[in-house]
Protein chains: 2
Amino acid sequence: MGVTLKDVARRAGVSIKTVSNVVHGYEHVTVEMRQRVNKALEELNYQPNLPARYLRQGHVSIVALAIPFLTNPYFSDIGKAVVSAANARAYTVLIDSTDGERAKEMMVINGMYPHLIDGVILSPLALEAEDLLSRRVDVPIVLLGERLFNVPYDHVVIDNVAAARLATSHLISLGRTRIAAIGAQEISAGDTARLRLQGYREALTEAGLAYNPDLVTRSLSYDRIDGIQSMHQLLASGTPPDAVFCFNDLLALGALRALYEAGYRVPEDVAVVGIDDIKESAFSMPSLTTIAPNKQEIGDLAVAFLLDRIAKTYTGQPRQTQASFELIVRESTAGRAASPQQTSPIVPRPE
Amino acid sequence: MGVTLKDVARRAGVSIKTVSNVVHGYEHVTVEMRQRVNKALEELNYQPNLPARYLRQGHVSIVALAIPFLTNPYFSDIGKAVVSAANARAYTVLIDSTDGERAKEMMVINGMYPHLIDGVILSPLALEAEDLLSRRVDVPIVLLGERLFNVPYDHVVIDNVAAARLATSHLISLGRTRIAAIGAQEISAGDTARLRLQGYREALTEAGLAYNPDLVTRSLSYDRIDGIQSMHQLLASGTPPDAVFCFNDLLALGALRALYEAGYRVPEDVAVVGIDDIKESAFSMPSLTTIAPNKQEIGDLAVAFLLDRIAKTYTGQPRQTQASFELIVRESTAGRAASPQQTSPIVPRPE
DNA sequence: TTGAAAGCGCTAACAA
DNA sequence: TTGTTAGCGCTTTCAA
């Protein structure tokens, strides 16, 4: 196997403990000892055996991040944010994708890597509240996203109602009146859709516009293809909308694609807004106006909550925090006047 | 801490070994014993302590995958492929991003997670051959991509020269003669650019077209923004190209964006081809013709090579394999006649 | 300031 | 078929 403390100790002619002390930067070691040990360490290229250390210490300084899809740019952005937040606190992140399957999410919450991680940050898609309530392992969990609020775990979200209201209001401010919504879902599927639909309706009401169910399409998943289908459906209906609020960027990019296929001009004929601010949205044709959640803030908050729980620095009631977001106006609503990749953030008005 | 084998043994009134036998599905255990143990296992919700097992066994059934950028869709696709290949062989994957920084790549090859992983699949960007040659740890490594061929490690690639030749030939077959190339690099930066440029030139020569350096642009990185800049540069030059071969999809998507900004029609005025087949390319406007490397095959091969090395099933000379690839023709070269996404049923468009 | 020894939870060799 | 025990490499008392 590898080089052990024992090997180093023998080489340096000292005890194991002394080597361990040097490795850990323990203060009270004579300079001469320290030099001798460091020399042996270097010569033998000692690498600590982490499993052994973990076995002894009982914790591992690793957290898992479980997201539905690694290849969804929103989630890979979140992944990046979590990794950087965790690294800043000397934690390693093990990234896992659940494919939105309940079975995999169950494995995540019920100790997929027993004793190999100190905690989990989970963005659930299929899990039900009872799954979380009946779990038998006690590894700390922090939840991300708009599902499972009635469950005793720390949770990081954005204010979806406010975000949707801001997006819709922006379309209204352009003078649009037939504003469609893409991405509604049956109640059972989750809360994201419900909250965003609520924000959409609130903005309409506030502006004195009637809510028209014919302008709202449903889709099970939130991928580009769903946006394409929904948009085609809206265009095929009697009177096409003059604006669309899509419940995420991938849907919006699909909608742009469908409008392109059908020969509509964006934003002249139809203005489009999304939510997520994935990188691609700054480069689509036209570039996409969107709500940008502060992803780094989401990562920072989630890691902070989780490490609190792990260290038992905080043992109180479950906390729920909302990360900030902003509207980024691009060509899909402002036309070519908007500089494509530049951001012109509009901060939501305080509640 | 958690529930241990000892706890279970006490509960079931048997020895630790018997419990261990049951946990591992050892054959020679009486039914009655097995039942008693399973009951205790269930009641106590036993979770094996992996670090302890690893310490004992000396290996961990985990491999690391180190890619430059998690948020680059090509690499997240590769990540997905590697994870599925590894899972199929009962291995867990720890995904890491190096940001293309030499320091981080050095950490990866020099035992970032000592004893916590059995091997590494690395897609190097900044590392030099000597870095790999002088490393002192002996964790198996498999290399991905077009760098560092003169180094004694297993390596999975695609035939870049052939791929570039195919892409360029496709443009030639459309009758284009002023074919530009976006993504060339100084020699030092790596081999991808050199090989793809070589394939481009071979295709030109084969067709009796002259190589024109003015039609070749350089870019340090391969992001959308680089494609935008290069394309603008080409358009600003005296006579604009009638086709462009971009050295990856992100460059090509940037080029599409620049053509859109400048008011050119694709493919009528300028045809565009990329390499990578990231998901977004099927949905861009127009959708992007591209070379699709078989990413699952890349993942399968890399994992197979690595597990061979870990198990010492293979200890011979370093192996180098080329994964297959294919040309996917979409709108950016075939026009609206091409079906935009191979997979999707598109609702017919009015006019 | 340094050393000796116990023990983390597990598996494997050996005994019964 | 089941039990006992040693030891993986480390950290942590406790002594010296």
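Keep in mind that the numbers below use all heavy atoms, side chains included, and drop hydrogens, waters and symmetry copies. Just so we're on the same page: letters track the sequence lines, and every chain starts at 1.
The ring-ring contact (aromatic ring centres under 6.0 Å, His included) search around His28(B) returns Tyr26(B), not counting sequence neighbours.
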Using nucleotides 10-13 of chain D, report all nitrogen or oxygen pairs with the protein that are shorter than 3.5 Å.
unit_1, atom_1, unit_2, atom_2, d
dC10(D), OP1, Tyr46(A), OH, 2.4
dC10(D), OP1, Asn49(A), N, 3.3
dC10(D), OP2, Leu5(A), N, 2.6
dT11(D), OP1, His24(A), NE2, 2.8
dT11(D), OP1, Arg53(A), NE, 2.8
dT11(D), OP2, Ser20(A), OG, 3.4
dT11(D), O2, Arg56(A), NH1, 2.5

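Checked by atom type, the side-chain pair Tyr113(B)/Asp96(B) shows a donor-acceptor distance below 3.5 Å.
Arg36(A) contributes a side-chain N or O that, together with a main-chain N or O of Ala12(A), makes up a donor-acceptor pair within less than 3.5 Å. A donor-acceptor pair under 3.5 Å links the side-chain atoms of Tyr54(B) to the main chain of Val60(B), judged by distance alone.
Residue Thr18(A) has a polar side-chain atom (N or O) positioned under 4.0 Å from OP1 or OP2 of dG3(C).
To the nearest angstrom, P of dC8(C) lies 13 Å from CG of Leu55(B). The distance from atom NE2 of His59(B) to atom P of dC10(C) is 16 Å, rounded to the nearest whole Å.
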Please list, one pair per line, the donor and acceptor atoms closer than 3.5 Å that link side chains of residues 70-78 of chain B to other protein atoms, with sequence neighbours excluded.
unit_1, atom_1, unit_2, atom_2, d
Asn72(B), OD1, Tyr74(B), N, 2.8
Ser76(B), OG, Pro73(B), O, 3.2
Asp77(B), OD2, Lys295(B), NZ, 3.0

